[in-house]
Amino acid sequence: MIAHARELAPHECCGMLAGKDGRVTHHYKIKNVVATKEEGVKALFDEAKITTLEQMTSEERADIAFWMDTKDMFAAQKDMRANSVELLASYHSHPISPARPSPTDIKALALYPDICHIIISLQDPKAPAANAFRIANGTATPVPYHIL
Amino acid sequence: MVKVRIPTPLRTLTGGKSEVEAPASDIQALIESLNGQFPGLKDRVCDDKGEIRRFVNIYLNEEDIRFLKGKHTPVKDGDEVSIVPAIAGGCEQGA
């Protein structure tokens, strides 16, 4: 995930982790359509998301720094079903800010209150940080994790 | 009957089921039918005006319904509908 964050910097990267019983076995990198759009790579940009982004107010849009490509999400979820694993966590990076959810994260990620949300910070490029949270009802609660 | 894939965040409403079935002629009717079986589901998918929420994507047989007829997209027996809430977020302003 840290490598993915470095690869996409200065844009935010995003992805999904899946597994069973709280143990991650599958990692899916998901395209960040916001990053793609900013770079003007229209061919890679899912048109459904252009529509969606254009429906948002400019204030709402200005705060959105990552938006997972739904086609990639769809493909990841299909793979999860085929491997009998379930979505355990989302992750995204904060290239220049700390490893804690932003107000926009807390608003938008509340759609998934039952999974963990991991934030990778590259604020200190030599010492990337990662923290996991559960986000529900307008608050983010840190969740411990272990690397096996 | 239309088969509907329920995303993880909505499974608390479906008793943990990841797939459910409902009779319907279009997406709007499908949402109403699902809400009859699983009260509260419509509120998670639609806003106060009954429009599909901006952060929620609905796919009919892998096609985004925004490219079909939106909530008026017809469905038939054997179709597969997936509800996929967006995963999105933002940067910390001024951080």
Problem set entry | Contact class of B:Arg5 relative to chain A, heavy atoms under 4.5 angstrom | side chain

Exercise. Which region of A:Glu86, side chain (C-beta onward) or backbone (N, CA, C, O), has a non-hydrogen atom less than 4.5 Å from a non-hydrogen atom of chain B, or is it both or neither?
Worked result: neither

Seminar exercise, completed: Rounded to the nearest 0.5 angstrom, the OG1-CG distance for B:Thr8 and A:Leu87 is 5.0 Å

Exercise. With hydrophobic residues grouped by side-chain heavy-atom distances under 4.5 Å, do B:Leu13 and B:Val2 end up in a single group?
Worked result: yes

For this session: Side chain from CB out, backbone as N, CA, C, O: work out which of these in A:Ile115 comes under 4.5 Å of a heavy atom of chain B, or both, or neither.
Result: side chain

Exercise. Which bit of A:Phe74 is near chain B, if near means a heavy-atom gap under 4.5 Å: side chain, backbone, both or neither?
Worked result: side chain

Problem set entry | Donor-acceptor contact present, side-chain A:Tyr112 to main-chain B:Pro85, <3.5 Å | yes

For this session: Answer with yes or no whether the hydrophobic clustering places A:Ile135 together with A:Ile119; edges join I, L, V, M, F, W, Y residues whose side-chain heavy atoms lie under 4.5 Å apart.
Result: yes

For this session: Please check if B:Val56 and A:Leu109 belong to a single hydrophobic cluster, counting links between Ile, Leu, Val, Met, Phe, Trp and Tyr side chain heavy atoms closer than 4.5 Å.
Result: no

Problem set entry | Per-residue contact mode, B:Ser18 against chain A (heavy atom under 4.5 angstrom) | neither

Problem set entry | Salt-bridge criterion met for A:Lys71 and B:Glu62 (N-O under 4.0 Å) | no

Exercise. Do B:Leu60 and B:Leu10 share a hydrophobic cluster, counting only Ile, Leu, Val, Met, Phe, Trp and Tyr and linking them when any side-chain heavy atoms are less than 4.5 Å apart?
Worked result: yes

Exercise. Which atoms form the tightest heavy-atom contact between B:Pro9 and A:Pro113, and what is the distance?
Worked result: CB-CD, 4.0 Å

Exercise. Are there more than 12 heavy atoms of other residues, nucleotides or ligands under 6.0 Å from atom CG of A:Asn137?
Worked result: no

Exercise. Do B:Val75 and B:Ile6 share a hydrophobic cluster, counting only Ile, Leu, Val, Met, Phe, Trp and Tyr and linking them when any side-chain heavy atoms are less than 4.5 Å apart?
Worked result: yes

Exercise. Just how far is it from atom CD1 of B:Ile87 to atom CG of A:Asp105, taken to the nearest 0.5 Å?
Worked result: 12.0 Å

